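Down below is the structure, laid out as C-alpha cells.
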Amino acid sequence: MSDILLKGIPFDDYLEKYQIFEKTTQHMTECLENWYRDDPEQFQRDMRADRQTVVDTHRFNRKFAAIKQNYMFEPVQSYISASMDILDGEGDHVATYTAFFDFDGNCFDDQLIT
C-alpha cells in the first residue's frame with residue numbers, strides 16, 4: 001500500500017477508484033485504432049502485425065503509474081502518468097503507451113513510443 005495520499009486517499013486506492021489503468025487501456029485502444037486507420041503500413045511495420053492481430057495476440061502490461069510535475073508552466077502543473085508496455089505474440093517489446101491524467105481522473109494527453 002502506498003503512503004502517498006492523493007485527494008485524501010492512498011495513491012493505490014486512488015488508481016483503483018478512478019480506474020486509471022482501465023482508462024489507460026481504453027485510450028491506448030483508441031490510439032492504436034486511429035493510428036491503424038491513418039497509416040496501416042507504418043502501423044504494421046512498427047507493431048509487427050495488423051490491428052486485429054495486435055488486439056488478439058499482443059499483451060498489454062501495466063508498467064507504472066506516477067505523480068509527475070511539469071515545471072514549464074506557472075504554476076507548476078501536477079498530473080498522473082500511467083504507462084503500459086505492448087509486447088508482441090513472442091513477448092518482444094514493440095511499444096510503450098502512456099496516458100496523462102489530471103487529479104480528477106480525466107485524460108488530457110497521451111503518447112505512444114515505438
Side-chain angles (χ1 to χ4, degrees):
M1 181 67 76
S2 172
D3 292 336
I4 298 171
L5 295 179
L6 187 58
K7 295 193 125 205
I9 59 176
F11 188 57
D12 293 340
D13 293 343
Y14 171 91
L15 295 174
E16 209 172 298
K17 177 180 178 178
Y18 287 89
Q19 300 178 323
I20 296 299
F21 278 110
E22 292 80 358
K23 290 178 182 178
T24 300
T25 301
Q26 291 170 348
H27 289 289
M28 177 184 61
T29 301
E30 291 173 20
C31 176
L32 292 172
E33 288 173 3
N34 290 335
W35 178 21
Y36 185 76
R37 189 173 28 256
D38 291 345
D39 193 350
E41 290 178 13
Q42 187 65 49
F43 180 96
Q44 290 183 57
R45 272 194 302 276
D46 290 345
M47 299 301 287
R48 304 177 193 159
D50 63 28
R51 190 197 65 79
Q52 192 58 51
T53 302
V54 168
V55 170
D56 292 342
T57 66
H58 285 39
R59 291 193 326 252
F60 309 109
N61 295 337
R62 294 178 180 182
K63 186 173 182 176
F64 70 82
I67 298 172
K68 301 214 173 180
Q69 294 184 312
N70 185 336
Y71 291 93
M72 293 178 64
F73 294 93
E74 186 62 43
V76 173
Q77 180 184 23
S78 298
Y79 61 94
I80 295 168
S81 63
S83 237
M84 300 184 77
D85 282 331
I86 303 173
L87 309 175
D88 68 12
E90 310 273 316
D92 294 327
H93 182 271
V94 293
T96 300
Y97 176 81
T98 305
F100 304 98
F101 297 90
D102 64 21
F103 288 164
D104 291 323
N106 301 309
C107 183
F108 63 86
D109 203 1
D110 65 354
Q111 177 182 48
L112 180 70
I113 299 174
T114 58

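Everything numeric in this text was worked out from a predicted model, so none of it was measured.
Here the shortest heavy-atom pairing between C31 and Y97 reads CB-CE1, 3.9 Å. What you find for Q77 and Y79 is that their closest heavy atoms are O-CD2, 3.8 Å. Pairing each heavy atom of T98 with each of S81, the nearest pair is CG2-CB, 4.0 Å. Here the closest heavy-atom approach between residue I20 and residue G105 is recorded as CD1-CA, 4.1 Å. Closest heavy-atom contact between F21 and S83: CE2-O, 3.8 Å.
Although no hydrogens or angles enter the test, the distance criterion places no donor-acceptor pair under 3.5 Å between the side chain of D12 and the main chain of L15. Between the side chain of H58 and the backbone N or O of M47, at least one donor-acceptor pair lies under 3.5 Å.
A salt bridge links D104 with K7: the distance from a Lys NZ or Arg NE/NH1/NH2 to an Asp or Glu carboxylate oxygen falls below 4.0 Å.
Taking the ring-ring contact (aromatic ring centres under 6.0 Å, His included) definition, one finds that F60 meets it with nothing, sequence neighbours left out. F101 is linked by a ring-ring contact (aromatic ring centres under 6.0 Å, His included) to nothing, counting only residues two or more places apart in sequence or in another chain. Applying the salt bridge (charged side-chain N to carboxylate O under 4.0 Å, His left out) test to K17 and every residue at least two apart in sequence or in another chain returns nothing. Remark: E90 pairs with no residue by the side-chain hydrogen bond (donor to acceptor under 3.5 Å, both in side chains) rule, at least two apart or across chains. A search for ring-ring contact (aromatic ring centres under 6.0 Å, His included) contacts involving Y14 returns Y18, not counting sequence neighbours.
Between atom CG of residue D38 and atom CZ of residue F43 there is a gap of 11.5 Å, rounded to the nearest 0.5 Å. H93 NE2 to D85 CG: the interatomic distance, rounded to the nearest 0.5 Å, is 4.0 Å. Summarising the geometry, atom CG belonging to D46 is positioned 12.5 Å from atom CD1 belonging to I113; distances are rounded to the nearest 0.5 Å. Between F11 atom CZ and E16 atom CD the span is 12.5 Å, to the nearest 0.5 Å. Atoms CZ and OG1, from R48 and T57 in turn, are 11.5 Å apart once rounded to the nearest 0.5 Å. Rounding to the nearest 0.5 angstrom, the gap separating the OG atom in S78 from the NZ atom in K68 is 12.5 Å.
Counting only N and O atoms by type, the side chains of Q69 and Y71 include a donor and acceptor under 3.5 Å apart. Judged by distance alone, the side chains of T53 and D50 do bring a donor and an acceptor atom under 3.5 Å apart.
Under the 4.5 Å side-chain heavy-atom criterion for grouping Ile, Leu, Val, Met, Phe, Trp and Tyr, I4 is connected to F103 within one hydrophobic cluster. Hydrophobic clustering of Ile, Leu, Val, Met, Phe, Trp and Tyr side chains at less than 4.5 Å, counting indirect connections, unites V94 with M28. Note: the hydrophobic cluster containing M84 does not contain V55 (ILVMFWY, side chain heavy atoms under 4.5 Å, direct or indirect links).
Using a 30° and 60° split on the angle between ring planes, F100 and F108 fall in the tilted class, from 30° to 60°.
When side chains are defined from C-beta on, I86 counts as touching L112, because their heavy atoms get closer than 4.5 Å. Residues D39 and E41 form a side-chain contact, since some pair of their non-hydrogen atoms from C-beta on lies under 4.5 Å apart.
Counting only residues at least two apart or on different chains, the side chain to side chain donor-acceptor pair (under 3.5 Å) pairs with a member in residues 25-35 are N34-R37.
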